[in-house]
Asker: 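There's a structure below that I have some questions on.
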Amino acid sequence: FLTSADELFGPITTLRRDNRIVKHIPWSAFKLGGQDWVRVVDACDILADSNRIQQYFSAEKEPTLWRALPALEELQSTWEKKRDDPKYALYKDALTDGLEKLRKYYSRLDEKPSFVLALVLHPYYKLAYIKLAWGGPAEKAAEIAAGNANAKDWQDEARQIVERTVSHPVISTLE
């Protein structure tokens, strides 16, 4: 198409300066070479990760809030592997920026107990997922020994969120 487009349609754009034509840019200037297509495929592969994760939240007939934390963790792990993979070296800065954005939003979830509650109340995950993915007393002790004075027992944190939530009386707006 690109080779015949120049003949059929003329230049795709014309650059002007001071109302004078400076340069005609032909359609063929936008032809992608072999290496360009490799980059397109790599970029599609990276974007497919976030699209796959986004699809976790598109159920119409079942709640999906419990998927938020595991989904963000899955995307983070996937992008960390790609960031460190030589195949994706060209995209290292973009992946690092994407991971920073994920961390920003993930850390905001610490202020929202509903995400932890949704995970804890899910019949499959309960507190076991939190202990496995985030750690319990043993992981807290190991982090403190490694110098992290702010280490937390995330399983206990989740348990406290549940206890605080169920200890508050529910006010019905239906009465």
Side-chain angles (χ1 to χ4, degrees), residues 30-168 170:
F30 296 96
K31 183 177 181 181
L32 298 179
Q35 193 59 31
D36 298 321
W37 283 110
V38 169
R39 290 178 178 159
V40 168
V41 169
D42 289 346
C44 287
D45 186 38
I46 293 167
L47 293 173
D49 298 330
S50 56
N51 183 57
R52 184 185 72 255
I53 298 300
Q54 184 271 332
Q55 294 300 319
Y56 290 170
F57 302 102
S58 63
E60 291 182 18
K61 297 186 185 218
E62 62 182 63
T64 60
L65 184 61
W66 64 270
R67 293 180 176 174
L69 295 172
L72 288 173
E73 291 166 357
E74 180 181 337
L75 184 57
Q76 179 181 349
S77 295
T78 301
W79 279 359
E80 284 172 343
K81 287 176 189 166
K82 285 185 177 167
R83 179 198 58 202
D84 299 336
D85 185 338
K87 175 183 176 184
Y88 296 98
L90 180 65
Y91 310 98
K92 185 172 187 164
D93 291 341
L95 286 164
T96 299
D97 291 345
L99 286 164
E100 278 303 310
K101 188 63 80 173
L102 275 176
R103 278 187 207 68
K104 174 184 172 182
Y105 288 107
Y106 189 89
S107 68
R108 288 183 180 175
L109 297 179
D110 288 346
E111 304 159 12
K112 310 285 187 237
S114 56
F115 291 95
V116 172
L117 285 170
L119 195 58
V120 169
L121 296 175
H122 189 278
Y124 177 77
Y125 289 107
K126 303 188 181 198
L127 284 172
Y129 174 83
I130 292 170
K131 182 177 182 188
L132 178 67
W134 304 343
E139 289 77 13
K140 177 183 177 182
E143 283 192 42
I144 290 172
N148 180 1
N150 299 318
K152 292 184 178 184
D153 175 346
W154 287 106
Q155 186 178 28
D156 187 54
E157 292 283 324
R159 188 183 337 274
Q160 289 176 34
I161 288 171
V162 172
E163 289 170 0
R164 280 193 306 268
T165 303
V166 296
S167 68
H168 288 28
V170 177

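When reading the values below, keep in mind they use all heavy atoms of this one structure, side chains included, and skip hydrogens, waters and symmetry mates. In this chain, residues are counted from 1 in sequence order.
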Asker: Using the salt bridge (Lys or Arg N to Asp or Glu O under 4.0 Å) rule, collect all pairs that involve residues 144-156, keeping only residues at least two apart or in two chains.
Answerer: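 Listed by first then second residue: nothing to list.
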Asker: Return the set of residues passing salt bridge (charged side-chain N to carboxylate O under 4.0 Å, His left out) with Glu74 (not counting sequence neighbours), or none when no residue passes.
Answerer: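 So Glu74 forms a salt bridge (charged side-chain N to carboxylate O under 4.0 Å, His left out) with Arg52.
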Asker: Would you please name every residue forming a side-chain contact (heavy atoms from CB on, under 4.5 Å) with Lys31, sequence neighbours left out?
Answerer: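 Expected list: Leu2.
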Asker: What pair of heavy atoms forms the shortest contact from Tyr88 to Leu95, and how long is it?
Answerer: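 The pair with the smallest heavy-atom distance is CB-CD1, 4.3 Å.
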Asker: CG of Asn51: more than 12 outside heavy atoms within 6.0 angstrom?
Answerer: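 Yes, because the 6.0 Å sphere around CG of Asn51 holds more than 12 heavy atoms from other groups.
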Asker: Looking at residues at least two apart in the chain, or sitting in another chain, which of them share a side chain to side chain donor-acceptor pair (under 3.5 Å) with Glu80?
Answerer: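 Only Gln76 meet the side chain to side chain donor-acceptor pair (under 3.5 Å) criterion with Glu80.
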Asker: Kindly write out the residues that satisfy side-chain contact (heavy atoms from CB on, under 4.5 Å) with Leu32, not counting sequence neighbours, or none if the list is empty.
Answerer: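 In terms of side-chain contact (heavy atoms from CB on, under 4.5 Å), with neighbours along the sequence ignored, Leu32 is linked to Asp36, Trp37, Val40.
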Asker: Taking side chain to side chain donor-acceptor pair (under 3.5 Å) as the definition, give me every residue that meets it alongside Tyr91, ordered by chain and number, with sequence neighbours left out.
Answerer: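 Once residues adjacent in sequence are excluded, Tyr91 has no partner under the side chain to side chain donor-acceptor pair (under 3.5 Å) criterion.
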Asker: Which heavy-atom pair separates Trp154 from Trp134 by the least distance, and what is that distance?
Answerer: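 Here Trp154 and Trp134 meet closest at CD1-O, 3.4 Å.
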Asker: Rounded to the nearest 0.5 Å, how far apart are CG of Asp49 and NZ of Lys81?
Answerer: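 With rounding to 0.5 Å, CG (Asp49) is 10.5 Å from NZ (Lys81).
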Asker: Could I get the full list of side-chain contact (heavy atoms from CB on, under 4.5 Å) partners for Ala158, not counting sequence neighbours?
Answerer: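 Once residues adjacent in sequence are excluded, the partners of Ala158 under the side-chain contact (heavy atoms from CB on, under 4.5 Å) criterion are Val116, Val120, Leu127, Ile130.
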Asker: Just how far is it from atom CD of Glu73 to atom OG1 of Thr78, taken to the nearest 0.5 Å?
Answerer: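 Rounded to the nearest 0.5 Å, the CD-OG1 separation comes to 11.5 Å.
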Asker: Donor-acceptor check, side chain of Arg103 to backbone of Leu99, threshold 3.5 angstrom: yes or no?
Answerer: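 Checking the backbone N and O of Leu99 against the side chain of Arg103, a donor-acceptor pair under 3.5 Å is found.
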Asker: Restricting to salt bridge (charged side-chain N to carboxylate O under 4.0 Å, His left out), what partner residues turn up for Asp84, sequence neighbours left out?
Answerer: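 With sequence neighbours excluded, Asp84 shows a salt bridge (charged side-chain N to carboxylate O under 4.0 Å, His left out) to no residue whatsoever.
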Asker: Enumerate the side-chain hydrogen bond (donor to acceptor under 3.5 Å, both in side chains) contacts for residues 135-144, please, sequence neighbours excluded, ordered by first and then second residue.
Answerer: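 side-chain hydrogen bond (donor to acceptor under 3.5 Å, both in side chains) check on residues 135-144 returns Glu143-Asn148.
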Asker: Could you give the distance from CG (Leu102) to CG (Asp97), rounded to the nearest 0.5 Å?
Answerer: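 Here the interatomic distance stands at 11.5 Å.
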Asker: Which pair of non-hydrogen atoms, one from Pro137 and one from Gln155, has the smallest distance, and what is that distance?
Answerer: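 Heavy atoms only, the tightest pair is CD-OE1, 4.3 Å.
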Asker: Mind checking what makes side-chain contact (heavy atoms from CB on, under 4.5 Å) contact with Ser50, not counting sequence neighbours?
Answerer: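 Listed in chain order: Leu75, Trp79.
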Asker: Roughly how far, to the nearest 0.5 Å, is NZ of Lys92 from CG of Asp85?
Answerer: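 One gets 11.0 Å once the value is rounded to the nearest 0.5 Å.
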